[in-house]
Amino acid sequence: MAKGLNMTCNEKERNALLSFKHGLSDPSNRLSSWSNQKDCCRWLGVRCDSITGRVVGLNLSTPLDSPYMELSGEVSPSLLELESLISLDLSMNYFVHTQIPSFFGSMKGLRYLDLSLSGFMGLIPYQLGNLSNLQHLNLGYNYALQVGNLTWISTLSSLQYLDLSNTDLHKELSWIQVFGALPSLSELHLENCQIDNLASSKGKANFTSLQVLDLSNNNLNQGILSWISNLSRTLVQLNLRSNFLQGEVPEMLSRFQNLQSLVLQGNQLSGELPDSLGKLEHLEVLDLSNNTITGPIPSSLGNLSSLRKLNLAHNQLNGTIPKSFGYLKNLQVLNLASNSLTGGMPETLGILTNLVTLDLSSNLLEGPMNELNFLKLSKLRELRMSSTELFLSVNSSWVPPFQLEYALMSSCGVGPKFPTWLKMQSSLRVLTMSKSGISDMAPIWFWNWTSQLEFLDLSNNEISGDLSDVFLNSSIINLSSNLFKGLLPSVSANVEVLNIANNSISGPISPFFCERMNGNDTNKLAVLDVSNNRLSGDLGQCWMNWQAWIWEMQYLMVLRLRSNKFKGIITQNMCQLSSLIVLDLANNFLSGTIPNCLDNLKAMAGEDDFYANPLKYYYGFDFNYDNYKESLVLVPKGDELEYRDNLILVRMIDLSSNKLFGDIPAEVSKLTALRFLNLSRNYLSGEIPIDMGGMKLLESLDLSLNQIMGEIPQSLSALSFLSFLNLSYNNLSGMIPTSTQLQSFEALSYTGNPELCGPPLTSNCTSGGDFSGVGSVEHADGIFFDTSDFYIAMGVGFAAGFWGICSVILFNRTFRHAYFRVLDHLDDLIYVSIILKIRRLIAKL
């Protein structure tokens with residue numbers, strides 16, 4: 001707005017601005033003040049000269065904290081009427097599929113032009129080279145901008161700031177010379193420009209005034225020494241993050257005495273760190289993470305008195321943490337994670353009064369961490385010590401000097417007692433103490449205290465307590481593999497992931513899962529795992545109660561109820577859970593037929609957007625609980641497999657070890673995204689659906705120990721990803737279809753089907769149907785293994801195996817404890833596992 005004298009804007013310029021507004025789409029009515037009734041110098045985003053009243057600045061940027069939505073539409077050439085305009089900012093808008101207007105090159109008075117993050121695409125107009133007064137040019141982070149050549153930039157002799165990030169420059173071999181010839185250039189940003197060369201082909205570049213250089217996220221692959229001598233000694237910030245630079249961190253970096261920020265993260269740097277780094281007395285940021293740097297950390301880094309951030313994570317550093325770090329009085333972030341550092345945490349770190357983040361995780365560090373290690377860390381907000389041999393050794397009455405927001409203490413020593421100092425942490429958002437050696441009862445105050453947490457992981461400890469009256473409010477909750485008992489806890493609508501598997505929770509699943517729990521609040525539950533407990537109840541009746549509010553379960557992606565005592569039928573309502581990617585109801589007492597509506601499970605039918613509903617959370621510095629990683633107990637290859645890949649990739653149905661009967665519904669063949677299907681150990685009959693071969697992504701198929709009849713469909717031979725197949729002990733007949741895929745499995749995959757023949761079985765289909773010696777199978781009420789040879793071999797194998805295992809159990813205490821714990825968790829799998837192992841032994845005899 002004009003200030004000082006009450007000058008009104010020029011009528012010609014007011015009309016030009018109105019014409020410009022007319023070409024724009026303004027969904028939030030940001031430009032409502034742009035009207036004939038008001039002085040245009042008082043319009044939002046318009047700045048006028050206080051003396052002449054002419055428009056000199058136009059700022060229509062839409063920052064992230066703006067209350068307005070992005071502008072879009074056409075950039076009108078009426079802006080040429082603003083002859084006194086020196087500053088134009090259209091950044092962070094939505095001019096998608098629009099080229100940068102070439103008429104900008106005729107706005108000769110411009111000194112500041114910012115078109116970043118606005119979706120412009122195509123060739124950058126060479127006419128911008130006419131802007132001889134331009135000092136600031138930001139075209140960064142648009143959509144696939146390109147340059148015909150860079151000669152137009154060489155005429156911008158006044159340019160001080162240039163950002164072409166996300167512009168394709170891979171064909172510009174002379175970019176160093178062009179930019180280096182700009183006499184006033186002090187700041188150059190070329191992030192993600194597909195640059196793959198640094199070597200100068202026509203002499204050295206000057207860069208005499210350059211202070212900031214950002215070449216991150218490119219394809220630079222030379223030795224780091226090949227070009228660094230070209231840089232100005234005035235350099236203040238150097239960012240070469242995420243390239244392919246090789247060699248050692250050069251000694252000559254110490255010549256850049258003005259350097260305040262050095263970021264070489266994510267390259268292929270090797271060798272040891274030079275002591276000369278300690279001479280960069282003005283350095284505030286040093287990030288050498290994600291390389292392959294070896295050797296000890298130089299104690300000379302303790303001389304960097306201005307250092308605020310030191311990140312050496314994800315290298316191959318060894319030795320101890322230098323005690324000289326205690327001199328880094330301004331240090332706010334210390335990240336030494338994922339190295340091979342040894343020794344303990346120096347007490348000198350406890351006097352870093354400005355420290356906010358301390359990450360020592362994933363090292364070989366060991367020993368106690370006592371009160372002196374945290375003595376003056378009053379500003380500490382993030383403590384990470386997971387996957388080390390460090391252990392907390394503090395008094396039970398200790399009052400920490402800090403208020404943490406993130407405490408990551410998994411796979412290290414926190415127990416055996418429950419840490420009482422947590423009670424004083426009123427700002428904590430993330431707490432992980434998985435595998436932390438706690439063998440204690442959760443204190444009474446703890447569950448109310450957790451209401452402040454967004455993320456809670458206490459898994460794989462020996463924490464006990466009754467959850468019957470507990471109310472859980474965190475978004476992510478993992479209490480699995482502990483000693484909790486009682487009824488299922490109550491949960492709020494905020495809970496998105498709940499894992500209480502492998503405990504001793506008992507009682508009915510209702511009302512927890514069968515009734516609307518959260519009033520009018522939308523249920524966000526995406527993962528529910530209560531497997532391997534002692535829960536009971538009629539799931540059929542439970543699902544019938546969903547009818548009125550099934551839509552609230554729209555986010556549910558993982559449902560694991562396996563290894564409990566559930567009964568009832570699987571109703572049609574279950575098929576309305578269209579987001580399900582894992583349905584695991586195995587090892588219960590479910591009966592009835594498999595519903596014929598499985599094709600409504602859209603995520604398994606491949607009808608969903610693959611990442612439409614990812615479980616992705618970001619908590620603080622370098623903490624990414626990405627897509628909720630959980631251990632899934634599958635049996636895809638005949639043995640127990642602990643599946644730990646990103647759950648978003650899994651598509652699985654496991655209904656094994658129940659009392660289901662009837663045909664396998666043909667609709668299952670429409671689940672084209674399914675990867676694991678296990679219907680074994682039921683009473684299923686009928687034939688294998690003829691179109692099952694259309695499930696192209698299927699990796700594991702187990703239909704064993706049922707009463708399925710008929711021939712194996714030829715279509716199964718098209719399952720090219722299939723790595724496990726078990727059709728054994730059914731009533732299948734005819735010839736096994738000939739294909740590379742089906743013949744690649746062992747005979748055990750087909751055994752126990754008396755009328756089945758052809759490779760890999762030894763029974764010849766042309767021998768007149770003589771299948772003598774091939775047994776038949778039913779389970780529970782029927783015949784089981786009537787082949788005499790099998791019983792003889794089973795007796796010998798059982799005796800040898802039984803006493804071999806018993807001897808180890810009797811004389812090895814550690815193995816004995818582990819063995820019986822495994823039995824507790826895997827009782828549902830022992831049956832199949834023993835049978836299959838005995839068959840393999842027979843096959844080898």
Determine yes or no for a side-chain-to-main-chain donor-acceptor pair under 3.5 angstrom, with N363 supplying the side chain and L341 the backbone.
-> yes
Residues E496, K524: salt bridge by 4.0 Å N-O rule = no
State, with a plain yes or no, whether a side-chain heavy atom of H170 is found less than 4.5 Å away from one of N219.
-> no
Do F402 and S378 touch side chain to side chain, with heavy atoms closer than 4.5 Å?
-> no
N330 side chain near L307 side chain, heavy-atom distance below 4.5 Å | no
Has E389 got more than 12 heavy atoms of other residues, nucleotides or ligands less than 6.0 Å from its CD?
-> no
Is a donor on one side and an acceptor on the other found under 3.5 Å between the side chain of N533 and the backbone of I500?
-> yes
Could you tell me whether the side chains of E462 and S439 share a donor-acceptor contact shorter than 3.5 Å?
-> yes
Check the side chains of R429 and Y406 for a donor-acceptor pair under 3.5 angstrom, ignoring hydrogens and angles.
-> yes
Can you check whether F455's main-chain N or O pairs, donor with acceptor, with S474's side chain at less than 3.5 Å?
-> no
Without swapping roles, check the side chain of N448 against the backbone of W445 for a donor-acceptor pair under 3.5 Å.
-> no
Residue pair N339 / N315, side-chain donor-acceptor N/O under 3.5 Å = no
Between W175 and F179, what is the ring plane arrangement, given parallel below 30°, perpendicular above 60°, and tilted in between?
-> tilted
Walk me through it: do L213 and L235 pass the test side-chain contact (heavy atoms from CB on, under 4.5 Å)?
-> CA-CA 8 Å; L213 177 60; L235 202 65; 4.3 Å; yes
So, does E371 use its side chain to make a donor-acceptor pair with the main chain of W398 at under 3.5 Å?
-> no
K379 and N354: side-chain donor and acceptor closer than 3.5 Å?
-> yes
Do F446 and K423 touch side chain to side chain, with heavy atoms closer than 4.5 Å?
-> no
Tell me yes or no: between the side chains of Q403 and S426, is some donor less than 3.5 Å from an acceptor?
-> yes
Please answer whether the main-chain N or O of G437 pairs with a side-chain N or O of N461 as donor and acceptor at a distance below 3.5 Å.
-> yes
Do the non-hydrogen side-chain atoms of L301 and L277 ever get within less than 4.5 Å of each other?
-> yes
Cut-off 3.5 Å, side chains only: do N218 and N243 have a donor facing an acceptor?
-> no
If you look only at distance, which donor and acceptor atoms sit under 3.5 Å apart when one is on a side chain in residues 285-293 and the other is two or more places apart or in another chain?
from	atom 1	to	atom 2	distance (Å)
D287	OD1	S289	N	3.1
D287	OD1	S289	OG	2.7
N291	OD1	N267	N	3.1
N291	OD1	Q268	N	3.3
N291	OD1	L269	N	3.0
N291	ND2	L264	O	3.1
N291	ND2	L288	O	3.0
N291	ND2	S289	O	3.1
T292	OG1	L269	O	2.9

With sequence neighbours excluded, tell me which residues meet ring-ring contact (aromatic ring centres under 6.0 Å, His included) with F325.
-> none
Looking only at heavy atoms, the pair that brings C193 and N166 closest together is SG-N, 3.9 Å
Hey, are N503 and N482 close enough side-chain-wise for a donor-acceptor pair under 3.5 Å?
-> no
Residue pair R233 / Q257, side-chain heavy-atom distance below 4.5 Å | no
Here the pair of heavy atoms bringing K376 nearest to I351 is CB-CA, 4.0 Å
Is there a donor-acceptor pair closer than 3.5 Å between any side-chain N or O of S480 and the backbone N or O of A501?
-> no
Kindly determine whether Q425 and L431 satisfy side-chain contact (heavy atoms from CB on, under 4.5 Å), including the steps that lead there.
-> CA-CA 11 Å; Q425 301 300 301; L431 175 63; over 6 Å; no
May I have the step-by-step check of side-chain contact (heavy atoms from CB on, under 4.5 Å) for L365 and M345, ending in yes or no?
-> CA-CA 8 Å; L365 299 168; M345 174 184 171; over 6 Å; no
Is it true that a side-chain atom of S338 and a backbone atom of S362 form a donor plus acceptor pair closer than 3.5 Å?
-> no
With no hydrogens and no angle check, do the side chains of S434 and S410 hold a donor and an acceptor under 3.5 Å apart?
-> no
Is the H189 ring parallel, tilted or perpendicular to the Y161 ring (thresholds 30°, 60°)?
-> tilted
Quick one: are L360 and I321 in side-chain contact, heavy atoms under 4.5 Å?
-> yes
Would you find a donor on one side and an acceptor on the other, under 3.5 Å apart, between the side chain of S300 and the backbone of D275?
-> yes
Side chains of F256 and L238: closer than 4.5 Å at any heavy-atom pair?
-> no
Apply the test side-chain contact (heavy atoms from CB on, under 4.5 Å) to residues T320 and T342: give CA-CA distance (whole Å), side-chain angles for both, the deciding distance (0.1 Å), then the verdict.
-> CA-CA 5 Å; T320 59; T342 55; 4.2 Å; yes
